[in-house]
Amino acid sequence: GGSSVAAARLVWVPTSSWRKMALPLAPSILCLSLSALAVFGAWLEPPCRFSMPVPTRYTGIWSFLTFQTNVISAGYFGICVVSALVPDTLLDP
């Protein structure tokens, strides 16, 4: 009946079509390099313990949401670069 057809539509079957949603290689490399530059550029600045000693006492530069966001985006775009370089058939079950 109709219930088995509806249940069959809810089953997700992985295919290589999801890879079309991933970012292409060139924008991924650009975004990765800019995010990595922001992360490593933060260490070129004077330590934040001099300008803000109390809030950064225990966590240092990790106290700032901007730094945390840059680290997360560098990791994400690093994964995008890897996924753009890996062949589609390698990730299919």
Side-chain angles (χ1 to χ4, degrees):
S3 63
S4 64
V5 172
R9 289 184 185 155
L10 294 177
V11 176
W12 179 71
V13 178
T15 62
S16 61
S17 63
W18 68 271
R19 303 253 314 157
K20 294 177 183 163
M21 296 187 312
L23 287 174
L25 184 60
S28 297
I29 290 175
L30 176 66
C31 293
L32 172 62
S33 60
L34 292 175
S35 297
L37 179 67
V39 169
F40 293 119
W43 277 298
L44 297 176
E45 298 175 357
C48 55
R49 67 177 179 265
F50 297 129
S51 61
M52 301 175 73
V54 176
T56 61
R57 179 181 306 155
Y58 301 112
T59 56
I61 200 164
W62 290 93
S63 300
F64 301 108
L65 184 60
T66 305
F67 182 76
Q68 296 170 15
T69 304
N70 289 335
V71 169
I72 291 169
S73 65
Y76 171 76
F77 288 116
I79 292 170
C80 288
V81 167
V82 170
S83 72
L85 295 174
V86 171
D88 290 343
T89 57
L90 185 67
L91 298 175
D92 287 341

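Computed from a prediction, not measured in an experiment: that's the story for all the values here.
No path of Ile, Leu, Val, Met, Phe, Trp and Tyr side chains, each step under 4.5 Å between heavy atoms, connects Leu30 with Leu85, placing them in separate hydrophobic clusters.
The two residues Phe77 and Ser35 make their nearest non-hydrogen contact at CD1-OG, 4.1 Å. Scanning both residues, Ser63 and Pro55, for their nearest heavy atoms gives OG-O, 3.3 Å.
With sequence neighbours excluded, no residue forms a side chain to side chain donor-acceptor pair (under 3.5 Å) with Thr56. For Ser33, the side chain to side chain donor-acceptor pair (under 3.5 Å) test picks out no residue, with sequence neighbours left out. Qualifying side chain to side chain donor-acceptor pair (under 3.5 Å) partners for Thr69, counting only residues two or more places apart in sequence or in other chains: none. Under the side-chain contact (heavy atoms from CB on, under 4.5 Å) criterion, Ile29 pairs with Leu25, Val81, sequence neighbours left out.
Summarising the hydrophobic clusters (Ile, Leu, Val, Met, Phe, Trp, Tyr; side-chain heavy atoms under 4.5 Å, direct or chained), the residues clustered with Val71 are Val39, Phe40, Trp43, Met52, Ile61, Trp62, Phe64, Phe67. Hydrophobic clustering, defined by side-chain heavy atoms of Ile, Leu, Val, Met, Phe, Trp and Tyr closer than 4.5 Å, leaves Leu65 isolated from every other such residue.
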